[in-house]
Amino acid sequence: MADKSELRLSGPVLLSCAALVVIVAGLRAAQPIVVPLIVAAFVAIICFPALKWLQEQGLPTWLAFMAITSVIVLFGVLVVGVVGTSVNQMRQQLPEYQQRVADLQREAIAWLKEKNIDVSAQLEQETFNAQRAVSLFGEMLSALGSVVSDALVIVFTLIFMVFEAAELPAKLRAISGGDDSLAQRLEKIQSSVRRYITIKTQLSALTSVLIVLWLWWLGIEYALLWGLLMFLFNFIPNIGSIIAAIPPIVLALLLSGVSTAIYTAAGYLAINTIIGNVIEPRLMGRGLGLSPLVVFVSLVFWGWVLGPIGMLFSVPLTMIVKIILDHSQDMQWLGILLGAEAPQIVVVAAPARKGK
């Protein structure tokens, strides 16, 4: 006969898993609505310290908020301008890229034949479609920049979030009957996410500036675009910096030769290694509390649920889920699985039995 404790646990666990499936399906179905709200929430978390600092300097709340909003709008205009100008210039230079690819392909086939390596006729006739490559690159940037089209929704949501933040702790205390545990839990989530996003933003900006300077020194075209791409994709764990490095390396190979492409790849490797493996661990510490496998799986999962924006925010979203699970009695086991290390189990020795 099965243990009664196992039977009691199976019900809440199965119910929680079923509810989780329903929530995920709802998030995926409501992606056009959820994505702007998530972006606004993360921007609000980042802006709260700056807003508070401006208020401490004597600025009214509305003026401090207008200053922060202006910076966000200027950044959005910069992104749209850089992406739009660069993609249009790429389209104008497509014939040059196409010719260069054809030349490289003929040189590679000739070299293979000199080495007595058989090259099929089909491979000789196939050509690289530069138009398709640039179109695919433009679609990828458009997908990431689609949030700009929802700028009005994000700004208004941000306004209401900022003005509601002052009353939120009191509301949470009223909900929990005067208990501050719910407000403290929310503050812990906000603090962890804000710390991660702030440090990641600073490191991404540093990486982007160094990449732009390196590409400018090498004479690679569209250095600002590749720096912006690195800034955005650096938020994607594990593979983001690799994806951001591919276009400039290919462009260097096409226009400047193998040696420049090698220098470009070496610069990307050195910059990302130093910042990602030396500086970032020192600043982040062990505060993430997520295993490497969970970080990668969360990248795939949130990308499937929310699209490219979900990939950018995969780590902070998973951190929020983990903190919530850690405070849930029924799903605490799942929070332990998401963690980087197993919690320490304190074993209390039984007291010695006295002899009769």
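For the atom pair CG of L224 and CD1 of I211, the computed distance is 13.0 Å after rounding to the nearest 0.5 Å. The distance from the CG atom of L299 to the CG atom of L312 is 9.5 Å, given to the nearest 0.5 Å. Distance check: I246 CD1 to S241 OG gives 10.0 Å after rounding to the nearest 0.5 Å. Of the inter-residue distances, the one linking E280 atom CD with N272 atom CG reads 10.0 Å to the nearest 0.5 angstrom. In this structure, CG in L253 is found 10.0 Å from OG in S259, a value given to the nearest 0.5 Å. Put simply, CG on L215 and CG on L210 are 11.0 Å apart, with the number rounded to the nearest 0.5 Å.
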Indicate every side-chain donor-acceptor pair of residues 19-38 with a distance under 3.5 Å to a residue at least two apart or in another chain.
from	atom 1	to	atom 2	distance (Å)
R28	NH1	W304	O	2.4
Q31	NE2	V305	O	2.9

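I249 and Y222 end up in different hydrophobic clusters when Ile, Leu, Val, Met, Phe, Trp and Tyr side chains are linked at under 4.5 Å. No continuous path of hydrophobic side-chain contacts links L269 to I242 [ILVMFWY only; heavy atoms under 4.5 Å]. Cluster annotation: I239 and F233 are assigned to the same hydrophobic cluster (Ile/Leu/Val/Met/Phe/Trp/Tyr, side-chain heavy-atom contacts under 4.5 Å, transitive). There is a path of hydrophobic side-chain contacts, each under 4.5 Å, that joins W217 to L251. Linking ILVMFWY side-chain heavy atoms closer than 4.5 Å, directly or via other members, places I271 and I243 in a single hydrophobic cluster.
Residue Y263 qualifies as open at atom OH: its count of foreign heavy atoms under 6.0 Å is 12 or below.
Looking at heavy atoms from C-beta onward, T318 lies in side-chain contact with V294 at the 4.5 angstrom threshold. Looking at heavy atoms from C-beta onward, F313 lies in side-chain contact with V39 at the 4.5 angstrom threshold. Counting only heavy atoms from C-beta outward, the side chains of N234 and I275 never approach each other to under 4.5 Å. In this structure the side chain of Y268 reaches within 4.5 angstrom of the side chain of T264, judged on heavy atoms.
Closest of all the heavy-atom pairs between G227 and S208 is O-OG, 2.6 Å. In plain terms, the two heavy atoms of T201 and F231 that are nearest each other are O-CE1, 3.8 Å. Contact between M66 and S70 at its shortest, heavy atoms only, is O-OG, 2.7 Å. In terms of heavy atoms, P247 sits closest to L229 at CG-CD2, 4.1 Å. Scanning both residues, I220 and A252, for their nearest heavy atoms gives CD1-CB, 3.5 Å. A pairwise comparison of heavy atoms in M230 and T207 identifies CG-CG2, 3.7 Å as the closest pair.
Formation of a donor-acceptor pair under 3.5 Å by the S298 side chain with backbone atoms of V295 is found in this model. Of the possible donor and acceptor atoms, none in the side chain of W302 sits under 3.5 Å from a partner among the backbone N and O of I309.
When hydrophobic side chains of Ile, Leu, Val, Met, Phe, Trp and Tyr are connected at separations under 4.5 Å, V297 ends up clustered with L293.
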Give the intermediate values and the outcome of side chain to side chain contact (heavy atoms under 4.5 Å, CB included) for residues L63 and L54. CA-CA 9 Å; L63 186 57; L54 290 175; over 6 Å; no

